[in-house]
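Notes follow the structure.
Below, all heavy atoms of this structure are taken into account, side chains as well, without hydrogens, waters or symmetry copies.
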Amino acid sequence: MMDDEEINRLRKRIVRRAPGPFHFPDVYGPDWDQLYIGDKVRKGRNFLEAVRAGKFPGVEDTGEKHDGGRVYRWCGE
């Protein structure tokens, strides 16, 4: 589960993006590559659940995977 601080941090990064598809590591930030694989899996799953729960308005799960990860779409504000 994501805490409010992390949700707010990710929301700020998402709204700065141009509308269109993205992968979660793109919005997580440069620290993504420093995480252990288990932490990446957990954080990715938590993001998916938060998107599905509506915690990221304007972001949708496309249900597709491409280039090794799930594809999300930012529809803009």
Side-chain angles (χ1 to χ4, degrees):
M1 176 178 250
M2 291 185 153
D3 63 24
D4 290 341
E5 185 177 324
E6 186 165 25
I7 289 171
N8 288 332
R9 180 182 75 80
L10 292 170
R11 279 183 186 157
K12 288 176 185 175
R13 292 182 66 89
I14 290 168
V15 299
R16 289 191 297 238
R17 298 180 60 84
F22 69 92
H23 290 92
F24 177 57
D26 298 337
V27 296
Y28 186 84
D31 293 339
W32 180 259
D33 292 330
Q34 307 309 313
L35 296 174
Y36 292 106
I37 187 66
D39 292 332
K40 289 178 179 180
V41 170
R42 180 178 48 82
K43 288 181 179 290
R45 181 69 181 168
N46 288 344
F47 183 73
L48 173 62
E49 290 172 356
V51 167
R52 289 179 175 171
K55 298 196 184 248
F56 293 95
V59 174
E60 57 187 34
D61 170 24
T62 66
E64 299 174 13
K65 290 189 175 184
H66 189 265
D67 291 333
R70 182 171 293 275
V71 179
Y72 297 93
R73 181 173 296 109
W74 166 234
C75 299
E77 291 187 88

Exercise: identify the closest heavy-atom pair between Arg11 and Pro57 =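 Of all heavy-atom pairs spanning Arg11 and Pro57, the closest is NE-CD, 4.3 Å.
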Is it true that a side-chain atom of His23 and a backbone atom of Asp67 form a donor plus acceptor pair closer than 3.5 Å?
-> no
For a 4.5 angstrom cut-off between non-hydrogen side-chain atoms, does [X] reach [Y]?
{"X": "Tyr72", "Y": "Leu48", "answer": "yes"}
{"X": "Arg9", "Y": "Tyr28", "answer": "yes"}
{"X": "Phe24", "Y": "Lys43", "answer": "yes"}

Just wondering, are more than 12 heavy atoms of other shown residues or ligands nearer than 6.0 Å to CG in Asp4?
->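 No, CG of Asp4 has 12 or fewer neighbouring heavy atoms, counting only those of other groups under 6.0 Å.
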Check side chain to side chain contact (heavy atoms under 4.5 Å, CB included) between Val15 and all other residues, then give those that pass, not counting sequence neighbours.
->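 With sequence neighbours excluded, Val15 shows a side chain to side chain contact (heavy atoms under 4.5 Å, CB included) to Trp74, Glu77, given in chain and number order.
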Looking at [atom1] of [X] and [atom2] of [Y], how far apart are the two atoms once the value is rounded to the nearest 0.5 Å?
{"X": "Met2", "Y": "Asn8", "atom1": "CE", "atom2": "CG", "answer": "11.5 Å"}
{"X": "Arg17", "Y": "Arg13", "atom1": "CZ", "atom2": "CZ", "answer": "9.0 Å"}
{"X": "Asn46", "Y": "Asp39", "atom1": "CG", "atom2": "CG", "answer": "10.5 Å"}

All pairs passing salt bridge (charged side-chain N to carboxylate O under 4.0 Å, His left out) where residues 44-56 contributes a residue, at least two apart |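 Residue pairs passing salt bridge (charged side-chain N to carboxylate O under 4.0 Å, His left out), neighbours aside: Arg45-Glu49, Arg52-Asp61.
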Identify whether Leu35 and Phe22 are in the same connected component of the hydrophobic contact network (ILVMFWY, side-chain heavy atoms under 4.5 Å).
->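 Leu35 and Phe22: one cluster.
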Joint hydrophobic cluster, Leu10 plus Val71, side-chain heavy atoms closer than 4.5 Å | no
Residues two or more places apart in sequence or in another chain: which of them pass salt bridge (charged side-chain N to carboxylate O under 4.0 Å, His left out) with Arg73?
->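 Here the qualifying residues are Glu60.
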Between Phe56 and Phe47, does the ring centre distance come in under 6.0 Å?
->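 Here the rings of Phe47 and Phe56 have centres that are less than 6.0 Å from each other.
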